[in-house]
Every structure is written in C-alpha cells, then in structure tokens.
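Chain naming here is simple, since letters A, B, ... match the order of the sequence lines and numbering starts at 1 in each. Hydrogens, waters and symmetry mates play no part in the numbers below; they use all other heavy atoms, side chains included.
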2 protein chains.
Amino acid sequence: MVDKNQELRDKGLRLTPQRQLVLQAVRELGHATPEEVAEKVRSTHPGINLSTVYRNLETLENVGLVQHTHLGHGGATYHAAEELTHLHLVCGKCGSVGDAPIETAASFVNTLIDEYGFKTDVTHFAIYGTCENCTAKS
Amino acid sequence: MVDKNQELRDKGLRLTPQRQLVLQAVRELGHATPEEVAEKVRSTHPGINLSTVYRNLETLENVGLVQHTHLGHGGATYHAAEELTHLHLVCGKCGSVGDAPIETAASFVNTLIDEYGFKTDVTHFAIYGTCENCTAKS
DNA sequence: CTTTTTTCTGCAAGTAGTTTGCAACTCGCA
DNA sequence: TGCGAGTTGCAAACTACTTGCAGAAAAAAG
C-alpha cells in the first residue's frame with residue numbers, strides 16, 4: 001500500500017488527521033456528496049467541521065487526488081481520482097447511479113473532437129436517463 | 001403561429017399574464033436560468049415575483065412545454081421543449097455552452113440501451129469538457 | 001527539543017439559489 | 001355577475017456552500 005503520508009506531502013500539503021480522513025472517506029465511498037463524506041468522517045472523528053470537509057475536498061481536488069462531478073440534482077459528488085474509470089449513468093426516476101466503462105463513449109468523444117474541437121472530459125460527465133429497472137416498472 | 005391561449009389551456013393550465021410571459025421568455029432566450037427568465041420578464045412586466053417564475057417553470061415543465069438541464073455549476077437551465085434538438089457542450093474553463101446535433105450521440109445512446117438497458121435522455125444531458133477556444137489558449 | 005513560520009481548523013456569520021405557507025387575487029365556468 | 005379552484009406576491013424558511021478570523025498544530029529552523 002502506498003504511504004499516505006508521503007502521498008499528501010508530495011503535493012505540498014500538510015498531513016492533518018482531518019485531511020487524511022476526508023481522503024480516506026472519499027476512497028471508501030466511491031461516489032459521495034460533501035455531506036456524505038462529512039458523515040462518514042464523523043463516524044470515527046465526530047468533531048470535524050463541515051467547512052473543513054469542503055475545504056479539504058477543494059484542496060484535494062486542486063492537487064488531483066479527488067474530482068467532482070455534477071450528477072444533476074445540484075449537489076456535487078466527489079470521487080477518488082483513481083476511481084474515475086467509468087461513466088455515470090444517472091437515473092432520473094430512482095436517482096440511482098450506474099457505471100459504464102469509458103470506452104463506451106470513445107467514438108462519441110472522438111466525433112466531438114473532430115467535428116467541434118471540443119475535448120470532452122469523460123470523467124466529469126454525468127449521463128441522464130432511465131435505468132433498466134425503472135424502464136421495466138413503467 | 002400557434003394560438004398560445006389554446007396551447008396553455010389545452011394542458012389544463014390557466015392563462016395568466018405571468019405564465020405567458022415566462023413561457024415567452026424561455027422561448028426567446030434559448031438557454032436560461034430562472035434568474036435570467038425573471039430578468040427578461042421584468043423588462044416588460046416589472047412586478048413579477050421570482051417565486052412565480054420558479055413555480056411557472058415547474059408547472060410548464062410538468063406539462064412538457066419546457067425542460068431543464070443541469071449545466072454544471074449548480075443552477076438549472078431551462079429550454080423551450082421544441083428547442084431541445086441539440087446536445088450541450090459545456091466548457092469547464094470559459095463556461096460557454098455550445099451545441100451539437102443529437103445525431104452525434106446516436107450510436108453512443110444505442111450502445112447504452114443495448115448493453116446496459118439504460119435509456120439516455122439526450123436532451124437532458126450536458127457534456128463537460130474544454131471548448132476549441134480554451135484548448136487553443138492553454 | 002524549543003521556537004518560529006505557515007498552514008489548517010473550528011466557529012459563526014454570510015451568501016446564493018430555491019422552496020414554502022398563507023392571504024389576497026383572478027381566471028374560467030355557470 | 002358570482003363562485004371556486006388555481007395562481008400570485010410576499011416574507012420567511014431552507015439547503016448547499018463560502019468566508020473571516022482567531023486559535024491550534026504541522027513542518028521547518030535553530
């Protein structure tokens with residue numbers, strides 16, 4: 001396992017317990033809103049402040065350890081950078097978030113580059129629709 | 001031109017000046033946030049309340065005359081339903097919103113249906129990336 | 001190991017965007 | 001014209017997020 005202490009300090013960040021906990025929470029949760037990260041962190045370290053979570057998410061994003069996506073309802077969702085290997089399929093009915101490999105979009109991405117010069121950031125890109133479950137139900 | 005009075009009343013809605021103005025503003029603006037719609041409406045009808053704009057956008061969306069999209073920064077953006085014939089290419093650097101025809105995504109959409117049973121709502125789907133301009137600058 | 005520097009944290013207040021409760025109003029129908 | 005449900009304006013409430021500041025605590029220096 002990577003030495004987390006080094007990992008953060010290499011980026012020029014101080015190693016505080018709060019920071020470590022936030023990063024760890026994001027990694028464990030997969031997708032999570034700031035609120036969910038705070039909740040997770042508080043389960044082991046109750047005193048942590050919500051604004052500390054926000055600030056750390058921002059800081060960690062600046063150094064590239066996490067990234068956020070907008071999944072629709074407004075709130076941002078955070079991911080560990082190394083987990084960003086999939087698209088997000090957000091169901092507008094049940095709110096579930098499914099995954100699909102990046103390659104699914106490869107030709108689409110290429111078309112956008114070729115025809116519009118638009119470089120899609122496929123990891124920051126939520127796809128809305130209706131999932132299989134909800135399609136079946138209605 | 002369609003008779004707007006009929007158009008709204010057919011949907012079971014009352015025809016109020018505010019409602020007409022909101023719908024008209026959305027149609028004229030193309031993409032617009034609730035705030036922008038309110039501003040537009042106020043240019044001809046200053047007394048209108050912001051919450052009336054929100055409520056009418058919601059109502060008009062329920063009957064299918066307008067739709068909203070999340071373009072990333074958090075705020076929703078509204079479109080007239082008949083204008084929803086393009087994808088939105090949102091540039092994360094300059095914030096500009098470009099358009100591309102729906103067909104660009106056709107094969108991608110089909111892949112998602114075939115492999116994941118996920119029915120993408122291509123009109124409700126913002127694509128993040130970097131536009132040609134910003135790519136050139138950096 | 002102590003001091004110094006600098007970053008980070010907690011707290012409280014602040015802001016932006018959106019929603020809600022409610023009384024007054026008005027549209028559509030009889 | 002008058003009634004009743006749908007609609008509006010207003011103020012307050014709410015949610016999600018940000019900011020200022022003083023004290024706490026890492027890291028660097030001595």
Is there a salt bridge (Lys or Arg N to Asp or Glu O under 4.0 Å) between A:Arg42 and A:Glu36 once you walk through the steps? CA-CA 10 Å; A:Arg42 285 193 183 123; A:Glu36 289 164 344; over 6 Å; no

Distance check: side-chain N/O of A:Arg9 vs OP1/OP2 of C:dT7, anything under 4.0 Å? no

B:His68 NE2 to C:dT18 P, in whole Å, measures 10 Å

For the pair made of CD in A:Glu39 and P in D:dT15, what is the distance, rounded to whole Å? 15 Å

Do you reckon A:Ile102 sits in the same ILVMFWY cluster as B:Phe118, going by side-chain contacts under 4.5 Å, direct or chained? yes

Using the side-chain hydrogen bond (donor to acceptor under 3.5 Å, both in side chains) rule, take B:Thr69 and B:His79 through it: C-alpha gap first, then chi angles, then the decisive distance, then the call. CA-CA 8 Å; B:Thr69 309; B:His79 311 249; 3.3 Å; yes

Roughly, in whole Å, what's the span from NE2 in A:His45 to C1' in C:dT9? 10 Å

Less than 4.0 angstrom from a charged side-chain N to a carboxylate O is my criterion; do B:Arg27 and B:Glu82 meet it? yes

In whole Å, what is the span from the CD atom of B:Glu35 to the P atom of C:dT18? 8 Å

So, OP1 or OP2 of C:dT26: does either fall under 4.0 Å of a side-chain N or O from B:Gln18? no

When you get a sec, tell me which of C:dT18, C:dG10, D:dA25 is the closest nucleotide to the side chain of A:Ile48? C:dG10

Nearest whole angstrom, please: distance from the P of C:dG10 to the CZ of A:Arg19. 12 Å

Atom-to-atom span, OH of B:Tyr78 to C1' of C:dG17 - whole angstrom: 12 Å

Looking only at C:dC8, C:dG28, C:dC27, the nucleotide nearest the B:Thr16 side chain is C:dC27

First locate atom OG1 of A:Thr16, then atom CG of A:Leu8, and finally report the distance between them rounded to the nearest 0.5 Å. 8.0 Å

What I want to check is whether the side chains of A:His45 and A:Gln18 have a donor and an acceptor closer together than 3.5 Å. no

Examine D:dC10: is either OP1 or OP2 under 4.0 Å from a nitrogen or oxygen in the side chain of B:Asn49? Give yes or no. yes

From the options A:Gln24, A:Glu35, A:Glu28, select the one residue that forms a side-chain hydrogen bond (donor to acceptor under 3.5 Å, both in side chains) with A:Lys40. A:Glu28

Proximity to DNA chain D (any heavy atom under 4.0 Å), residues of residues 50-61 of chain B only: B:Ser51, B:Thr52, B:Arg55, B:Asn56

Nearest listed nucleotide, side chain of B:Pro34, among D:dG4, C:dT18, D:dG9: C:dT18

Return the CD1 to SG distance between B:Ile127 and B:Cys91, rounded to the nearest 0.5 Å. 13.0 Å

For residues 52-59 of chain A, please give each side-chain donor-acceptor pair under 3.5 Å, one per line with the distance, not counting sequence neighbours.
residue: A:Arg55; atom: NH2; partner: A:Ser51; partner atom: OG; Å: 3.4
residue: A:Asn56; atom: OD1; partner: A:Arg19; partner atom: NH1; Å: 2.9
residue: A:Asn56; atom: ND2; partner: A:Thr52; partner atom: O; Å: 3.3
residue: A:Thr59; atom: OG1; partner: A:Arg55; partner atom: O; Å: 2.7

Tell me whether A:Val109 shares a hydrophobic cluster with B:Tyr116, the cluster being built from Ile, Leu, Val, Met, Phe, Trp, Tyr side chains joined at under 4.5 Å. yes

For the pair made of CD in A:Gln20 and C1' in C:dT9, what is the distance, rounded to whole Å? 15 Å

Atom CZ of A:Arg42 and atom P of C:dT9 are separated, to the nearest Å, by 14 Å

Five-pair end axes of the helix from C:dC1-D:dG30 to C:dA30-D:dT1, angle between them (10°): 30°

Ignoring hydrogens and angles, are the base of C:dG28 and the side chain of B:Arg14 linked by a donor-acceptor pair under 3.5 Å? no

